Amino acid sequence: RSARLHRVIDHIGAHLADPLNLPELARIAGMDVFRFARAFKQLTGSSPHRYVLDARIARAKELLLDPALSITEVSLRTGFSTPSHFSATFRRLVQASPRAFRRRG
């Protein structure tokens, strides 16, 4: 079971720019959605949704250090539907706007 969940974690890391949903992740793990969500939370301490969100924000922090990338490009590369959704989520989780984070970087 653990190996299947680690396969999902690898998939998430490799596909942050893509839409990731619970049924797809459960399919990759070879489990039904309910069993997958419970097992994933036991393994990682986070729900699948929160894990993906945290991974996207962590990747965004890395990408924001590259001044050649616009904030819009960072939002696209990290799978957010719009730059405003990215900025609002980033601000909520990091307590700084992407632009302010970049300036501090």
Side-chain angles (χ1 to χ4, degrees):
R1 184 164 98 170
S2 178
R4 291 188 283 178
L5 293 174
H6 284 287
R7 193 167 53 234
V8 172
I9 290 169
D10 291 343
H11 178 83
I12 290 168
H15 295 91
L16 284 177
D18 302 333
L20 296 167
N21 60 59
L22 196 57
E24 175 194 0
L25 297 177
R27 182 189 55 73
I28 291 166
M31 300 177 176
D32 67 70
V33 171
F34 178 77
R35 275 189 41 227
F36 166 71
R38 263 184 69 179
F40 191 90
K41 184 160 186 162
Q42 285 177 337
L43 179 70
T44 66
S46 296
S47 69
H49 175 75
R50 183 58 192 234
Y51 184 91
V52 168
L53 195 57
D54 289 344
R56 285 180 166 154
I57 294 299
R59 177 80 49 85
K61 286 177 174 180
E62 294 169 7
L63 294 174
L64 284 168
L65 297 177
D66 181 352
L69 295 176
S70 70
I71 290 173
T72 298
E73 182 63 26
V74 171
S75 74
L76 293 172
R77 289 187 184 194
T78 53
F80 286 90
S81 55
T82 65
S84 62
H85 179 230
F86 165 64
S87 292
T89 302
F90 191 92
R91 185 178 289 111
R92 182 171 51 86
L93 296 177
V94 181
Q95 281 74 54
S97 70
R99 184 167 277 112
F101 179 86
R102 175 175 268 171
R103 270 187 261 136
R104 284 192 317 217

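Quick caveat, the model's predicted, so the values are computed rather than measured.
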If hydrophobic clusters are built by linking Ile, Leu, Val, Met, Phe, Trp and Tyr wherever their side-chain heavy atoms come under 4.5 Å apart, do V52 and F90 end up in the same one?
no
Honestly curious: do L53 and F101 fall in one hydrophobic cluster under the side-chain, below-4.5 Å linking rule?
yes
For the [atom1] atom of [X] and the [atom2] atom of [Y], what is their distance to the nearest 0.5 Å?
X: I28; Y: L5; atom1: CD1; atom2: CG; result: 11.5 Å
X: S70; Y: L76; atom1: OG; atom2: CG; result: 7.5 Å
X: R50; Y: I57; atom1: CZ; atom2: CD1; result: 9.0 Å
X: R104; Y: L65; atom1: CZ; atom2: CG; result: 11.0 Å

Set of salt bridge (Lys or Arg N to Asp or Glu O under 4.0 Å) partners for R27, sequence neighbours left out
none
Would you find more than 12 non-hydrogen atoms of other residues, nucleotides or ligands less than 6.0 Å from R38 atom CZ?
no
Please tabulate, one pair per line, all N/O donor-acceptor pairs under 3.5 Å involving side-chain atoms of residues 18-26, not counting sequence neighbours.
from, atom 1, to, atom 2, distance (Å)
N21, OD1, E24, N, 2.8
E24, OE2, H11, NE2, 3.3

Of all residues at least two apart in sequence or in a different chain, which pass the side-chain hydrogen bond (donor to acceptor under 3.5 Å, both in side chains) check with R91?
none
Can you list everything that forms a side-chain hydrogen bond (donor to acceptor under 3.5 Å, both in side chains) with S84? Sequence neighbours excluded, please.
T82
Tell me every residue that passes ring-ring contact (aromatic ring centres under 6.0 Å, His included) with F36, counting only those two or more places apart in sequence or in another chain.
F40
Would you say that R77 contacts L69 through its side chain, given a criterion of any heavy-atom pair below 4.5 Å between the two side chains?
yes
R102 and D66: which non-hydrogen atoms are nearest, and at how many Å?
NH2-O, 3.1 Å
What is the minimum heavy-atom distance between Y51 and I9, and which atoms define it?
OH-CG2, 3.1 Å
Under 3.5 Å, sequence neighbours excluded: what are the donor-acceptor pairs made by side chains of residues 92-99?
from, atom 1, to, atom 2, distance (Å)
Q95, NE2, R92, O, 2.8
S97, OG, A100, N, 3.0

Can you check whether G13's main-chain N or O pairs, donor with acceptor, with R59's side chain at less than 3.5 Å?
yes
Evaluation steps, side-chain contact (heavy atoms from CB on, under 4.5 Å), between L43 and H6
CA-CA 9 Å; L43 179 70; H6 284 287; 4.1 Å; yes
